[in-house]
Amino acid sequence: MENISSQDLSEQIKEVTKESHVRAENTELMLSFQRGQVTLQQYKLLLCSLYEIYQALEEEMDRNSNHPAVAPIYFPAELARLKSIEKDLEFFYGPDWREKIVVPAATQRYSHRLRQIGKENPEFLVAHAYTRYLGDLSGGQVLGRIAQKSMGLKSANGLSFFTFPGVSSPNLFKQLYRSRMNSVELTEEERNGMLEEAVRAFELNIQVFDGLQKMLSVPGNLQQQSSTNSKAVHSKTLQIPGTISPMLRMILGLFVALAAVVGLYAL
Ligand code: HEM
């Protein structure tokens, strides 16, 4: 059997998440970004979820910064996103932005998972930090420029999330990050758990994107949320109001046809 630890963690993690990356790229929300069709509403709502996610991720990273697995990949000065997201939210929602945060239930599941592993398996934070930060330093850079154009923003205001003033070369930084990941000592069991957690991290992101799109497709949800101020839009409120199902449409069609035949015989 091939020795699993013979391959670098950074290579393995990229390999096992390859398929998930393709699925993440192909979510409706990410496709809107890539097509240059992202709307202000989509972006604002995404920022709300990113706020919850990075708050959990960065609080757990800070708390575990001395953990032997976390310490090598702990780069708050270069990578931390929370303050940037807060700035963007203030730009779009005004000074009382905190009261306007709206997130789908999937975002709460994601932040709950981050807090849980922060307590129980801090080494898995590496998988989550990799998924978000290396993504932000890769495709995220292009997406930022596209978003600015799509939303017709004149300045960089509202786009701090995409800018990393502490990283002069994203490519070089990614190389450093990968080598730090590879320096983390893990048992085979921990390594397998880490790879599983990375796939889960992508899955959680996909669920958030899908949750956001659902919220956007039911505008009532958003109005209801901003007036009630509650934090999560639970799946109950996300039900799409009754459109005619294909089955009902077929039954109605048959009924009309039958009525027409009966009508013809009656003539
Ligand atoms: C519109 C959507 C996206 C596009 C266009 C995109 C594009 C890219 C590109 C071009 C790379 C560089 C690949 C390389 O260096 O080999 C990359 C890397 C990466 N992306 Fe994405 N991405 C998208 C969404 C996402 C999402 C949603 C996530 C996770 C939540 C993500 C996580 C990552 C990670 C972790 C890497 C680093 C891979 C590695 O070098 O190990 N990406 N992405």
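Scope of the values below: all heavy atoms of this structure, side chains included, with no hydrogens, waters or symmetry mates. All ligand and atom numbering here is 1-based and tracks the order in the structure.
Looking only at distances, no side-chain donor or acceptor of T17 sits under 3.5 Å from a matching main-chain atom of S20. For the pair E78 (side chain) and F164 (backbone), a donor-acceptor distance under 3.5 Å is absent.
Remark: E15 pairs with Q7 by the side chain to side chain donor-acceptor pair (under 3.5 Å) rule, at least two apart or across chains. Looking at residues two or more places apart in sequence or on another chain, you find a ring pair (Phe, Tyr, Trp, His ring centres under 6.0 Å) between F161 and Y54. For Y43, the side chain to side chain donor-acceptor pair (under 3.5 Å) test picks out no residue, with sequence neighbours left out.
Stacking of R178 on the aromatic ring of F173 is not recorded, the 6.0 Å distance cut-off and the 45° axial limit not both being met.
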Please tabulate, line by line, the atom pairs linking an N/O of ligand 1 to a protein N/O at a distance below 3.5 Å, with the distance in Å to 0.1, or answer 'none'.
{"from": "ligand 1", "atom 1": "16 (O)", "to": "K14", "atom 2": "NZ", "distance (Å)": "2.6"}
{"from": "ligand 1", "atom 1": "20 (N)", "to": "H21", "atom 2": "NE2", "distance (Å)": "2.9"}
{"from": "ligand 1", "atom 1": "22 (N)", "to": "H21", "atom 2": "NE2", "distance (Å)": "3.0"}
{"from": "ligand 1", "atom 1": "40 (O)", "to": "R178", "atom 2": "NH2", "distance (Å)": "2.7"}
{"from": "ligand 1", "atom 1": "41 (O)", "to": "Y130", "atom 2": "OH", "distance (Å)": "2.6"}
{"from": "ligand 1", "atom 1": "42 (N)", "to": "H21", "atom 2": "NE2", "distance (Å)": "2.9"}
{"from": "ligand 1", "atom 1": "43 (N)", "to": "H21", "atom 2": "NE2", "distance (Å)": "3.0"}

